[in-house]
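Data block below; observations after.
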Amino acid sequence: MSPPRIIAIDGAAGSGKSTLARALAAALALPYVNTGLMYRALTRAALDRHVDLDDDEGLAALTRALKVRLSPGTPTQLEVEGYPQEVLATPEIDAAVSRASRHPRVRSLMRDAQRDLGAHGAVMEGRDIGTVVFPEADVKLFLRADPLRREARRSQERDAAGLDVARDLRSRDAQDAVVNPLIAADDASTLDTTDATPAATLAWALAIVRACE
């Protein structure tokens, strides 16, 4: 058997999927594609260009114009519009990204772009990689975690001073549940990362990948 080429990692914000995806891509020498960055970049572009987040047609046009590429380096990572990641990981984007990403035409265009990015192999992370973007993925991993632990992780990722991280994460969960329900693929391997270290989570994922080789 050939080694897995497409690995799908799905999970809610704060479940540890970005940490796992980045480490797994490095371990397997595969590109790392954080699909959430694409929606965040679209949101940033819409806010910068004063495109209404309810404007389906305007957002679809912005989506078509997004410049995406896989960067050089190890692991290869996704770059969108040249935005540095810290510009896309802000409370402003957190609050708006679900509105921008809820439009069917936007999601269809993003899905096509994501399939192109992963066509030659990648570790892909998101909310619907194993169910919608790459239902034929060689390996499907699904992460879940206790809300309190997810909030703690998000606080560490953000400058949480003066922010109600718990409220913002609950709001984001509610919006995302309407836009893109978080459902594990039937053939996904699931891990509760509440008490799992990043190293333990990576070891679990590598064991699953190697079992498929």
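Because the structure is a prediction, the values reported are computed rather than measured. Numbers for residues simply follow the sequence, beginning at 1.
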* **Hphob cluster co-occupancy, V97 + V132, side-chain heavy atoms under 4.5 angstrom** => no

* Asked: Hey, does L109 have a side-chain heavy atom less than 4.5 Å from the side chain of V106?
  -> no

* Which one of L78, L88, T63 satisfies the side chain to side chain contact (heavy atoms under 4.5 Å, CB included) criterion with M38? -> L78

* Listed partners of R22 passing side chain to side chain donor-acceptor pair (under 3.5 Å), at least two apart -> none

* Non-neighbouring partners of D56 that pass salt bridge (Lys or Arg N to Asp or Glu O under 4.0 Å), sequence neighbours left out -> R105

* Can you name the closest pair of heavy atoms from G130 and D10 and give their distance? -> N-OD2, 2.8 Å

* Spell out, yes or no, whether L143 and L24 are grouped together once hydrophobic residues are joined by side-chain heavy atoms under 4.5 Å, including indirect joins. => yes

* **Joint hydrophobic cluster, Y32 plus L117, side-chain heavy atoms closer than 4.5 Å** => no

* To do: For residues D94 and R40, determine if any side-chain heavy atom of one lies less than 4.5 Å from a side-chain heavy atom of the other.
  => yes

* To do: For the residue pair I9 and I129, establish whether any side-chain heavy-atom pair is separated by less than 4.5 Å.
  => no

* **Residue pairs involving residues 192-208 (criterion side-chain hydrogen bond (donor to acceptor under 3.5 Å, both in side chains); sequence neighbours excluded)** => R153-T193, D192-T194

* Hey, could you give me the CG/CG distance between L42 and L47, rounded to the nearest 0.5 Å? => 9.5 Å

* **Side-chain hydrophobic cluster, 4.5 Å single linkage: members besides L182** => F142

* Between E125 and T35, do the side chains contain an N or O donor and an N or O acceptor separated by less than 3.5 Å? -> no

* Structure fact -> The salt bridge (Lys or Arg N to Asp or Glu O under 4.0 Å) partner of R44 among E92, E81, E86 is E92

* Which atom names give the shortest non-hydrogen contact between I6 and G121, and what distance separates them? -> CG1-CA, 4.4 Å

* To do: Following the transitive rule for hydrophobic clusters with a side-chain heavy-atom cut-off under 4.5 Å over Ile, Leu, Val, Met, Phe, Trp and Tyr, establish whether V123 and L20 coincide in one cluster.
  => yes

* Asked: Of all residues at least two apart in sequence or in a different chain, which pass the side-chain contact (heavy atoms from CB on, under 4.5 Å) check with P181?
  -> I183

* Please report the closest heavy-atom contact between P135 and T131, naming both atoms and the distance. => CB-O, 4.0 Å

* Sequence-distant partners of V51, side-chain contact (heavy atoms from CB on, under 4.5 Å), two or more places apart -> A46, R49, D55, L59, L62

* Structure fact -> Sorted by chain and number, sequence neighbours left out, side-chain contact (heavy atoms from CB on, under 4.5 Å) with S101 holds for Y39, R107, V179

* Which residue pairs satisfy the salt bridge (charged side-chain N to carboxylate O under 4.0 Å, His left out) criterion with at least one member in residues 110-123, sequence neighbours excluded? -> none

Using a 3.5 Å cut-off and no angle test, enumerate the donor-acceptor pairs between side-chain atoms of residues 64-73 and protein atoms at least two apart in sequence or in another chain.
from	atom 1	to	atom 2	distance (Å)
R69	NE	E79	OE1	2.9
R69	NH2	E79	OE1	2.9
S71	OG	Q77	N	3.3
S71	OG	Q77	O	3.2

* Asked: Can you check whether L30 reaches R5 side chain to side chain, under 4.5 Å on heavy atoms?
  -> yes

What side-chain donor-acceptor pairs closer than 3.5 Å can you find for residues 184-191, not counting sequence neighbours?
from	atom 1	to	atom 2	distance (Å)
D187	OD1	K140	NZ	3.1
D187	OD2	K140	NZ	3.4

* Within a strict 4.5 Å, meaning less than it, do heavy atoms of the L206 and L28 side chains meet? -> yes

* **With D54 via side chain to side chain donor-acceptor pair (under 3.5 Å) - residues at least two apart** => R99, R102

* Structure fact -> Sorted by chain and number, sequence neighbours left out, salt bridge (Lys or Arg N to Asp or Glu O under 4.0 Å) with R144 holds for none

* Asked: Does R150 use its side chain to pair, donor to acceptor, with the backbone of A145 at less than 3.5 Å?
  -> no

* Got I7 and D138 here, is their nearest side-chain heavy-atom distance under 4.5 Å? -> no

